[in-house]
Amino acid sequence: MLDIETDTDPREAQDIHHLLLLARNLGVDAVDLDEAVHDAAGRYACNASGAVDDDAADALYDAAGHAAADIDNAGLDRQVPYLISQYSAARAERIILEAAWERDATTTDQLQRCRPLQGALR
């Protein structure tokens, strides 16, 4: 079985706390980080697979995908520490900021498409 989670370094506790606050203050939802968690798990599986045969590598990727889904389903409290452990606090912060920006850009785009409908329901 592939264990994609690493033990959290006690020194990372402050980073985890800071980035959880950042994510929540920006309105980042667990769904906004799903892809980043799966990417990190895929990267981990790739590194773990080394020179194994294709069937074993496929099994590792499948196991990583299932483990990533478990992390995603547990929400921000598991996603943020996982991203920090797989990358770094600085990269996890960029991922959170990008997720907030992408969500806001999508919302703005949706609102702009609805703008011609304003007043139509009076």
Taking all non-hydrogen atoms of both residues, which atom of [X] and which atom of [Y] are closest, and how far apart?
| X | Y | value |
| --- | --- | --- |
| Gly75 | Ala30 | CA-CB, 3.8 Å |
| Tyr82 | Ala41 | OH-CA, 3.3 Å |
| Cys46 | Tyr61 | CB-OH, 3.0 Å |

Give, for atom [atom1] of [X] and atom [atom2] of [Y], the distance between the pair rounded to the nearest 0.5 Å.
| X | Y | atom1 | atom2 | answer |
| --- | --- | --- | --- | --- |
| Leu20 | Asp15 | CG | CG | 11.0 Å |
| Gln79 | Ile84 | CD | CD1 | 12.0 Å |
| Ile16 | His18 | CD1 | NE2 | 12.5 Å |
| Asp32 | Glu98 | CG | CD | 12.5 Å |
| Asp34 | Asp39 | CG | CG | 11.0 Å |

Q.
Leu97: which residues meet the side-chain contact (heavy atoms from CB on, under 4.5 Å) condition with it, sequence neighbours left out?
A.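 In terms of side-chain contact (heavy atoms from CB on, under 4.5 Å), with neighbours along the sequence ignored, Leu97 is linked to Leu22, Leu26, Glu93.
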Q: Measure the shortest side-chain to side-chain distance between His38 and Glu35 over non-hydrogen atoms and say whether it is less than 4.5 angstrom.
A: no
**Q.** Within-4.5 Å side-chain heavy-atom neighbours: Val37 and Gln86
**A.**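 Contact flag for Val37/Gln86 side chains = no.
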Q.
Check whether Arg103 reaches the backbone of Gly27 with its side chain - one donor and one acceptor, N or O, closer than 3.5 Å.
A.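 Present.
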(Q) Out of the candidates Ile95, Leu83, Val80, Val28, only one should pair with Leu19 under the side-chain contact (heavy atoms from CB on, under 4.5 Å) rule; please name it. (A) Val80
